[in-house]
Amino acid sequence: YMEINEKFLKPYSPKDTEDNIYKIWEDSGLFNPDVSIQKGYTDHNAETFSIILPPPNVTGSLHTGHALMLVIEDIMVRYKRMNGYKTLWLPGTDHAAIATQSKVEKIVEKEGTRKSDLGREAFLKRVEEYALNSHDEIVRQTKKMGASLDWSREAFTLDDKRTFAVRTAFKKMYDDGLIYRGYRIVNWDPKGQTTISDDEIVYEERKSKFYTFKYGPFEIGTARPETKFGDKYVVMHPLDTRYKDFEHMQKITVEWINGPIEATIIKDEMIDMEFGTGVMTITPWHSHEDFNLAQKYNLEKEQIIDKYGKLLPIAQEFAGIKIDIARQNIVDKLKEKGLLVSVDENYVNRIATAERTGGTIEPQIMEQWFIDVNKKIPERENLPTGQAGKSLKELMLEPLKNEEIEILPERFEKVYFNWIENLRDWCISRQIWYGHRIPVWYNKNTKEIYCDINPPKDIENWEQDPDTLDTWFSSGLWTFSTLGWPNNTEDLKTYHPTNVIETGHDILFFWIARMILMSKYLLGVNPFKTIYLHGMVRTADGKKMSKSLGEKAIDPLTIIEKYGNDALRMAMIVGNTPGNDLKLNENDIRGYGKFANKIWNATRFVLEQTNDLDLKNLPAFDAEDQKSHEELQSLILEITKEMNEYRFSIVAEKLYHYFWHTFADVLIERSKVKILENKNSDSAKALLYTHLDTLLKALHPFIPFVTEEIWSMLPNKDRLLLVEEWPTYAKASAGKPSNDVLNKYDA
RNA sequence: GCGCGGUUAGCUCAGUUGGUAGAGCAACCCGUUUACACCGGGAAGGUCACAGGUUCGAGUCCUGUAUCGCGCACCA
């Protein structure tokens, strides 16, 4: 029927194949479900399957974590597409406010300018330029990964449509009183000059000195003497017998850093009697816990450190000095005054640092915007049913408590519940320039506050809040802002709720929880049905892949260049189960490169042997081949079931093993004998052909490039493998099924 | 401190309601028989961390211990 393509004379070359194949897919338009329906591959009334891609940050390029995400999601999507679902996988990128801004700040600094010299407008222009470049690079790389994303629907968290969604969401929450502005203690990053959320803090263990000072009749411990100027409350446990002679709210005079002060004794259970002397002083302005205690007893709060990390006039002779320098000076002074009792040199302190800038977090009391997670949602018109009287926290808990949403692996449910229990109000304002500007204006004269999607009409009398929103605010809307919300679009009706969200378990809190919050609150529905959490990708020696590893990190594009994307995909899927970390090493990838070539060569043999086969009227199998045929059907049944349970690792392994060690090693070898001896050779040829046909389909979600390339060279194929039907018994069968297999299939 | 996970062949890891241990890679022996040496055949390799318990039967369920890792909270 055809000459063997001369490509088969050489080993399979992913490098010469993959880009072409992706282009064929893209040009076909079939990543877009509308096109697939139009061309008759997908039924108009078919069930939908949708995944919104977790948008990569526009901070540079993709890493192995992105690669893993793309592979898992692409497998899901290709599988569902082949099963006839109206399948949408929607791509996008995230402006990643702080991350992107701090990257550009560094670039600008290298050029010798500072962002303050440039000004807001000019600096933002630079950021946008950078973001655009990153975006283009990310899209290019994503295509290299073979991702079957519908690029016609691409979104960006900071584009016009998403801005409209963000402002709409903000206004709704503001009107419902769930967003408020107020003075609260926040995590201040002196380096980035912005607040950050609790989840953006990274704790680092550092050895530091732990000082014990005399404080009147007490001894108090601290690792941070520089905050102690304003400490006029001394706290101990009410049941601590050592201090039973002191009373709650009793006032005493103590000699302190800059002379005598009047201190007040506070008795509270927050004290750990076992720690140090069981006595401490508090600094409400610069500590979350101290702040809470001060609120409880209505204590005075005083700012000691300014937002640049320098001491304020309260420190008198130390005013204006940076805290890390002032520390030793203060200790020296206390020592001179005879108030230093001891220094523990081996104290290990956990320092809160900002994830993006590395700056040491200095808690501060500041006026910021917050989302109230505990306030009951008030009754109003158009409120989704069942929301009134519930808090956002409850909305986040319900879908998991009621098992409307499943998490894979299940154990992360506990982690999720634990996080919500400890959840505080979400500080959403950031003092950075890049991002969604808060849609609130202040009247210059009347101080009136105006919150709306559009600015007030008499804009000259108003000033917009200078702050921007936490980047996760817009990310929280992602499953539906990408589909056109707040407009009630066809896409929104068709594809939301989405089926699966697939992402690394490290952003369960950052993102997953917030998507549930936003979708439940704004739409009254869950954003997805299944949460599939993959693990972290690690190097062969177990280190987390990250930029700091430099050359030790595996760059997915380099790997693809060397071994092909199919090889990388197999290496990432086999042996990788949800939630568990993946150690990626080049050896495995090389091995799976051989697999692609094995399929390639097996195809050559099949094509050579079957070129006289009548494909429209396949010969019947003999008993032996019939049995083999049914074994393959059983395999298909098994893996179909496992695919539906997201057990991709086991499916990939089974297919690999079956192809290599049954089809190639046993069936092809057996066919050689039959064909050579011309004994039931027709049966053998039919078996070869149907096996190859079925296996290519089953392997396609895992290794789409090599299978599609081979598919294009098979006779009688009128459509791309991309939109072929996933093998089923009836479809793949050439011979008559035995009752045994049929029963299995029905079950 | 609270919680979660890992501990299975030399290495990396699978192992789905409990039913006589699996894969890939590495190492060993044999073999170039025309799809493929990016190959084939063969053999070897594990008291499933440890100790108890439930069971006719436990890698799998329960309790405890060790060890590695992760998350959360606290850290004056």
Side-chain angles (χ1 to χ4, degrees), chain A residues 4 8-9 11-12 198-199 203 205 210-213 215 218-224 227-228 231 234-236 270-272 274-283 287-290 293 347-352 409-423 505-506 508-509 535-536 538 540-542 544 563 567 570-571 574-577 579-609 638 641-642 645-647 649-650 652-654 656-657 660-661 664-665 668-669 671-673 676 688:
Chain A
I4 301 300
F8 279 118
L9 299 179
Y12 174 62
D198 293 347
D199 302 298
Y203 291 96
E205 297 217 323
F210 187 79
Y211 305 92
T212 305
F213 298 115
Y215 188 84
F218 307 108
E219 287 182 358
I220 58 155
T222 182
R224 304 204 51 196
T227 64
K228 295 284 147 196
D231 287 10
V234 57
V235 191
M236 58 212 73
M270 81 171 280
I271 284 285
D272 175 3
E274 309 293 316
F275 189 91
T277 56
V279 184
M280 70 169 182
T281 61
I282 59 166
T283 316
S287 154
H288 284 93
E289 289 303 304
D290 295 359
L293 193 73
Y347 182 70
V348 177
N349 205 6
R350 250 180 31 153
I351 312 273
E410 213 175 328
R411 62 185 148 92
F412 279 98
E413 260 191 26
K414 261 193 174 170
V415 182
Y416 182 86
F417 290 140
N418 182 257
W419 176 78
I420 291 190
E421 272 165 37
N422 293 312
L423 187 62
H505 65 69
D506 54 334
L508 179 63
F509 309 138
M536 303 295 104
R538 294 177 188 282
D541 53 359
K544 190 175 168 180
Y563 306 108
M570 283 297 279
V574 175
N576 181 21
T577 48
N580 287 346
D581 290 352
L582 169 72
K583 272 185 202 162
L584 192 63
N585 69 75
E586 207 167 324
N587 221 22
D588 287 352
I589 303 168
R590 189 181 301 121
Y592 290 112
K594 291 181 186 177
F595 180 50
N597 194 53
K598 185 78 181 177
I599 300 171
W600 185 255
N601 284 313
T603 302
R604 169 164 54 180
F605 178 80
V606 173
L607 289 181
E608 278 169 2
Q609 299 305 321
E638 270 171 49
K641 205 173 153 220
E642 279 156 345
E645 290 164 8
Y646 304 99
R647 298 163 53 79
S649 167
I650 209 123
E653 195 181 321
K654 276 184 181 172
Y656 175 96
H657 205 253
W660 203 308
H661 299 298
D665 291 350
I668 286 185
E669 292 308 316
S671 78
K672 286 178 186 171
V673 178
L676 206 68
L688 288 179

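A note on names: the letters A, B, ... follow the listed sequences, proteins ahead of strands, and every chain is numbered from 1. As a basis for the values below, the full set of heavy atoms in this structure was taken, side chains included, without hydrogen atoms, waters or symmetry mates. Because the structure is a prediction, the values reported are computed rather than measured.
Cation-pi contact between A:Lys594 and A:Tyr12: absent, since separation from the ring centre below 6.0 Å together with deviation from the ring axis within 45° is not met. In this structure, A:Arg604 forms no cation-pi arrangement with A:Phe8, as its terminal cationic atom is not both closer than 6.0 Å to the ring centre and no more than 45° off the ring axis.
Taking 4.0 angstrom as the limit, A:Asn580 places a side-chain polar atom (N or O) nearer than this to OP1 or OP2 of B:rA14. Considering only side-chain N and O atoms, A:Lys672 lies under 4.0 angstrom from the phosphate OP1 or OP2 of B:rA35. Within the 4.0 Å cut-off from OP1 or OP2 of B:rA14, not a single side-chain nitrogen or oxygen of A:Ser649 is found.
In this structure, the CD atom of A:Glu653 is 8 Å from the C1' atom of B:rG22, given to the nearest Å. Rounding to whole angstrom units, CZ of residue A:Arg590 and C1' of B:rC38 are separated by 11 Å. Look at CD on A:Glu608: it is 13 Å from P on B:rU34, rounded to the nearest Å. For A:Lys598 and B:rG24, the NZ to P distance is 13 Å, given to the nearest whole Å. In this structure, the CD atom of A:Glu669 is 16 Å from the C1' atom of B:rG42, given to the nearest Å. Rounded to an integer number of Å, the gap from CD1 of A:Ile589 to C1' of B:rC25 is 13 Å. Between A:Tyr646 atom OH and B:rU16 atom P there is a gap of 20 Å when expressed in whole angstrom units. Taking atom NZ on A:Lys414 and atom P on B:rG71, their separation rounds to 18 Å, with Å as the unit.
Below 30°, between 30° and 60°, or above 60°: for A:Trp660 and A:Tyr656 the angle between ring planes is between 30° and 60°, a tilted geometry. The aromatic rings of A:Phe275 and A:Tyr347 lie perpendicular to each other, with more than 60° between the two planes, well past the 30° mark.
Here A:Ala596 lies out of heavy-atom contact (under 4.0 Å) with every strand. As judged by a 4.0 angstrom heavy-atom cut-off over every strand, A:Ile668 is placed among the base-contacting residues.
The nearest heavy atom of RNA chain B to A:Gly575 and to A:Phe210 marks one nucleotide each, and the one closer to the 5' end goes with A:Gly575.
Remark: B:rG1 base-pairs with B:rC72. Criterion, Watson-Crick or G-U wobble with two distances under 3.5 Å. Nucleotide B:rU63: paired with B:rA51 (Watson-Crick or G-U wobble, both distances less than 3.5 Å). The partner of B:rC56 is B:rG19, by the rule that a Watson-Crick or G-U pair needs both atom distances under 3.5 Å. A 3.5 Å limit on both hydrogen-bonding distances identifies no Watson-Crick or G-U partner for B:rA37.
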